[in-house]
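Side chains are part of it too, since the values below use all heavy atoms of this structure and drop only hydrogens, waters and symmetry mates.
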Amino acid sequence: MPDGYQKIDGRFSRADQQAFDWAYQLTVALGHTRYDTFDLYARSDWEDNRNAVRPDGSIVLGARTAYWIGVSGHRMFDAHYLGQYEPTREEAENVRQALDDFITVYLEKVDPPQPATTRALQAFDSGLRDAVVVPKVIDGSRIDGAFPEIRDVQGRQPYLETATRALTGRLGNHLRMQAGELEDMLVRTPPAQRFEALADAVVENDPLQRRLPDGSSRTPPVDHVDRLKANLRIELDDIFQRCGEPGRQLDQGAERFGRQAATSLLQHCAQARDAIDTEQRGYQQVASLMSVVQADLAFGRASAGQGRDSDAQVLQLKLNTDYWNGALHTSGLPAGALGYAGTDRSLTFDQEKVIDVLANADATQPPSPELRDAVDVVATQAARLCNPVAPGAVPNDPAGQAFEDQLCRDFVDQEQTRLFTALGFSADQAQPDSTATAQVMATLTEAAARRQGLEPHEITARLLTAPSNERIQRAAALSLGEPGMVVDRDRWAEATETLAGNIEATVARAAEADRNGQTKLHAWNRATAGERLSHQLSSAIEKAGRPVRQADISGDEALMRSVAAATSGQSRPGGDRTGGSDPAARRGHQPDNGKSGQRITGR
């Protein structure tokens with residue numbers, strides 16, 4: 001028997017049973033996979049309240065600590081009758097202190113302190129112990145049944161305890177974790193690694209830092225993430241250096257301090273989310289161009305059906321635009337390819353012809369042809385990512401491919417000034433595209449814009465942010481206008497389907513003409529292929545919209561037109577203009593569309 005020690009066993013005290021129960025509950029709370037029994041000793045000198053772990057793994061408790069553990073064990077494990085003397089608050093405080101002492105010495109047994117543990121980490125450990133671990137041990141052992149007031153007793157560092165609880169609660173709520181989930185993860189992490197674990201949790205689980213609006217993952221550059229986590233660890237060290245100071249423990253406002261500290265950490269995350277800090281070459285330039293494209297596609301002015309007179313701005317396209325996951329890849333691409341948008345929402349560009357050109361751009365000089373090509377390919381692939389169904393996917397059919405390619409070209413040409421301004425250059429405007437496909441698309445977007453009360457560029461944006469397999473159908477619908485209250489929807493749907501077929505056929509013919517270098521469809525016609533196909537598309541839009549517009553006349557308006565026609569001697573709407581039976585007269589003048597000329601000339 002060591003000098004000054006007395007072995008504790010069940011024959012004389014309940015302290016060993018209570019200690020073993022506390023040790024078991026503590027092991028559960030910390031997630032340890034082992035639980036060892038141990039010999040328990042108590043110091044014989046009442047004034048000697050030191051606790052220690054002996055080399056053989058046994059524990060020596062201070063005299064007062066051992067006494068109060070025995071008292072709590074007696075209250076827990078011995079029978080009591082109704083009306084027996086109830087413990088006082090002072091006794092609850094003594095048992096709580098004994099519990100703190102036992103937890104401290106037992107943790108030294110199972111988790112020996114590491115030399116690298118800083119004062120701030122020690123303070124964080126104490127804060128978690130008082131705010132999380134002790135309540136779990138009380139819950140598991142049910143000691144509050146014997147000492148009801150023990151839950152109201154604070155630990156030895158009340159400011160630190162309250163600040164820790166407020167900080168972890170605020171962070172866990174922001175990270176959308178279940179109550180206590182973040183705290184459980186931290187107490188099961190070795191003390192020396194807790195700041196790192198907390199910084200990882202904040203960055204990796206932040207719904208704004210690591211997630212896009214649709215819930216898919218966002219992948220910022222590795223060095224940016226590492227730098228952000230390192231900054232958060234430094235800030236956590238400073239926070240717990242301050243709230244663990246001995247002279248601060250009786251101060252008020254600990255909860256406010258903890259919540260403000262958590263808010264500061266989240267603000268750093270928000271700043272890092274909006275301003276990527278990376279050494280990856282060309283990343284900042286690509287991100288700047290992406291922001292221009294996404295910002296323009298995110299907003300759209302309300303159309304006629306939504307009340308354009310109010311000049312309302314609606315976020316109708318926002319959920320379809322933040323599709324870049326932040327991952328930028330570089331590689332040598334096949335000849336003729338400068339970049340592509342991946343179906344995983346990443347971007348890949350040629351290192352030499354795109355990334356290096358952007359990174360080396362000199363804003364004091366006019367943009368070079370190589371820089372124009374690099375800006376064009378980045379903005380084009382940025383626009384391709386806005387397909388809400390399959391970002392980066394390429395349409396399989398030739399007409400759909402030509403339709404998307406021209407939409408991207410039109411959009412990028414319109415954004416030239418803003419794109420180059422984002423790179424630090426003065427205003428720059430591209431020359432309009434004069435291909436047949438460009439002329440056809442211009443005719444289509446202008447017709448839809450007139451119908452919707454918008455600008456053609458806004459129609460282009462709406463079509464870009466539509467699913468690729470629905471764009472031509474959407475273009476037809478926009479050109480005809482949304483059906484009114486009295487329009488026969490079957491008739492409107494039929495007209496839309498017919499017009500969509502005409503649009504698809506016209507775009508396919510225009511793309512074929514451009515591929516073949518065919519400027520004219522017919523040798524005898526002076527009009528270019530683009531002009532002829534644009535005229536045919538205009539006629540198709542007019543023809544498809546005619547029955548829709550007729551059906552869109554309300555019953556009252558039709559009646560008023562009939563009355564006006566009757567009083568003026570004209571035929572009623574829809575009736576024969578001549579009133580006679582001659583079909584030729586009813587048809588009126590029929591233009592020969594140049595056929596008579598053909599007969600004269602022999603054509």
Taking the side chain as every heavy atom from C-beta outward, state whether [X] and [Y] have any atom pair closer than 4.5 Å.
{"X": "Ser126", "Y": "Gln122", "value": "no"}
{"X": "Ile59", "Y": "Asn51", "value": "no"}
{"X": "Tyr106", "Y": "Leu26", "value": "yes"}
{"X": "Phe38", "Y": "Val53", "value": "no"}
{"X": "Arg281", "Y": "Asp356", "value": "yes"}
{"X": "Gln381", "Y": "Leu385", "value": "no"}
{"X": "Phe420", "Y": "Leu371", "value": "yes"}
{"X": "Gln18", "Y": "Met76", "value": "yes"}

How about Ser331 and Gln351: does a side-chain donor come under 3.5 Å of a side-chain acceptor?
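Note: Ser331 and Gln351 side chains miss the donor-acceptor criterion.
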Going by an N to O cut-off under 4.0 Å, is there a salt bridge joining [X] and [Y]?
{"X": "Lys229", "Y": "Glu204", "value": "yes"}
{"X": "Arg259", "Y": "Glu255", "value": "no"}
{"X": "Glu196", "Y": "Arg233", "value": "no"}
{"X": "Glu93", "Y": "Arg89", "value": "yes"}

Test your reading of the model: is there a side-chain donor-acceptor pair from [X] to the backbone of [Y], 3.5 Å cut-off?
{"X": "Gln285", "Y": "Leu423", "result": "no"}
{"X": "Thr65", "Y": "Leu61", "result": "no"}
{"X": "Ser346", "Y": "Gly342", "result": "no"}
{"X": "Asp125", "Y": "Pro191", "result": "no"}
{"X": "His224", "Y": "Glu279", "result": "no"}
{"X": "Gln249", "Y": "Cys243", "result": "yes"}
{"X": "Arg194", "Y": "Val187", "result": "yes"}
{"X": "Gln280", "Y": "Leu328", "result": "yes"}
{"X": "Thr168", "Y": "Thr164", "result": "yes"}
{"X": "Asn205", "Y": "Ala201", "result": "yes"}

CG/Leu407 to CZ/Arg462 distance, rounded to the nearest 0.5 angstrom?
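Nearest 0.5 Å value for the CG-CZ distance: 14.0 Å.
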So, taking the atom named CG in Asp350 and the one named OH in Tyr340, what distance separates them when rounded to the nearest 0.5 Å?
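Between atom CG of Asp350 and atom OH of Tyr340 there are 11.5 Å.
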Check each of Asp130, Asp101, Asp152, Asp144 against Arg96 using the salt bridge (charged side-chain N to carboxylate O under 4.0 Å, His left out) test, and report the only one that passes.
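With Arg96 as partner, Asp130, Asp101, Asp152, Asp144 yield a single salt bridge (charged side-chain N to carboxylate O under 4.0 Å, His left out), made by Asp130.
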How far apart are the C-alpha atoms of Lys136 and Asp184, what are their side-chain angles, what is the distance that settles it, and do they pass the salt bridge (Lys or Arg N to Asp or Glu O under 4.0 Å) test?
CA-CA 10 Å; Lys136 284 183 175 294; Asp184 289 347; 3.1 Å; yes
How close do [X] and [Y] get, heavy atom to heavy atom, and via which atoms?
{"X": "Ala383", "Y": "Val293", "answer": "N-CG1, 4.0 Å"}
{"X": "Gln241", "Y": "Ala120", "answer": "CG-CB, 3.8 Å"}
{"X": "Ile355", "Y": "Gly282", "answer": "CG2-CA, 4.0 Å"}
{"X": "Ile143", "Y": "Trp22", "answer": "CD1-CZ2, 3.4 Å"}
{"X": "Asp277", "Y": "Arg227", "answer": "O-NH1, 2.6 Å"}
{"X": "Pro87", "Y": "Phe147", "answer": "CB-CD2, 3.6 Å"}

Tell me whether [X] at atom [atom1] has more than 12 heavy atoms from other residues, nucleotides or ligands lying less than 6.0 Å away.
{"X": "Arg142", "atom1": "CZ", "answer": "no"}
{"X": "Glu181", "atom1": "CD", "answer": "yes"}
{"X": "Arg256", "atom1": "CZ", "answer": "no"}
{"X": "Arg188", "atom1": "CZ", "answer": "yes"}

Given Val377 and Asp373, is the side-chain contact (heavy atoms from CB on, under 4.5 Å) satisfied, shown in steps?
CA-CA 6 Å; Val377 70; Asp373 290 342; over 6 Å; no
When you look at Thr460 and Gln414, which way does the side-chain hydrogen bond (donor to acceptor under 3.5 Å, both in side chains) test go after all the steps?
CA-CA 10 Å; Thr460 301; Gln414 182 68 26; over 6 Å; no
Could you go through the side-chain hydrogen bond (donor to acceptor under 3.5 Å, both in side chains) check for His268 and Asn231 one step at a time?
CA-CA 9 Å; His268 281 180; Asn231 291 337; over 6 Å; no
Please test Thr118 against Leu121 for side-chain contact (heavy atoms from CB on, under 4.5 Å), starting from the C-alpha separation and ending with a verdict.
CA-CA 5 Å; Thr118 64; Leu121 282 167; 3.6 Å; yes
Set out, in order, the CA-CA distance, both residues' side-chain angles and the distance that settles salt bridge (Lys or Arg N to Asp or Glu O under 4.0 Å) for Arg242 and Asp238, then state yes or no.
CA-CA 6 Å; Arg242 285 183 287 156; Asp238 177 66; 3.2 Å; yes
Partner of Arg64 under side-chain contact (heavy atoms from CB on, under 4.5 Å), chosen from Ile69, Asn49, Asn94
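Testing Arg64 for a side-chain contact (heavy atoms from CB on, under 4.5 Å) against Ile69, Asn49, Asn94 leaves exactly one candidate, Asn49.
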Decide side-chain hydrogen bond (donor to acceptor under 3.5 Å, both in side chains) for Thr278 and Asp223; before the verdict, give the C-alpha distance in whole Å, the side-chain angles of both, and the deciding distance to 0.1 Å.
CA-CA 6 Å; Thr278 177; Asp223 60 334; 2.8 Å; yes
Before giving the answer on side-chain contact (heavy atoms from CB on, under 4.5 Å), spell out for Leu232 and Cys269 the whole-Å C-alpha distance, their side-chain angles and the decisive distance to 0.1 Å.
CA-CA 9 Å; Leu232 294 185; Cys269 283; 4.0 Å; yes
Test log, rule side-chain contact (heavy atoms from CB on, under 4.5 Å), inputs Leu347 and Val286
CA-CA 9 Å; Leu347 289 172; Val286 171; 4.1 Å; yes
So Arg384 and Asp405, salt bridge (Lys or Arg N to Asp or Glu O under 4.0 Å) or not? Walk me through it.
CA-CA 9 Å; Arg384 290 192 195 280; Asp405 289 344; 2.8 Å; yes
Can you say whether the rings of Phe257 and Tyr159 are parallel (under 30°), tilted (30 to 60°) or perpendicular (over 60°)?
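Answer is tilted, since the angle falls between 30° and 60°.
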Would you call the rings of His457 and Phe411 parallel, tilted or perpendicular, where under 30° means parallel and over 60° means perpendicular?
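Aromatic pair His457/Phe411 classed parallel.
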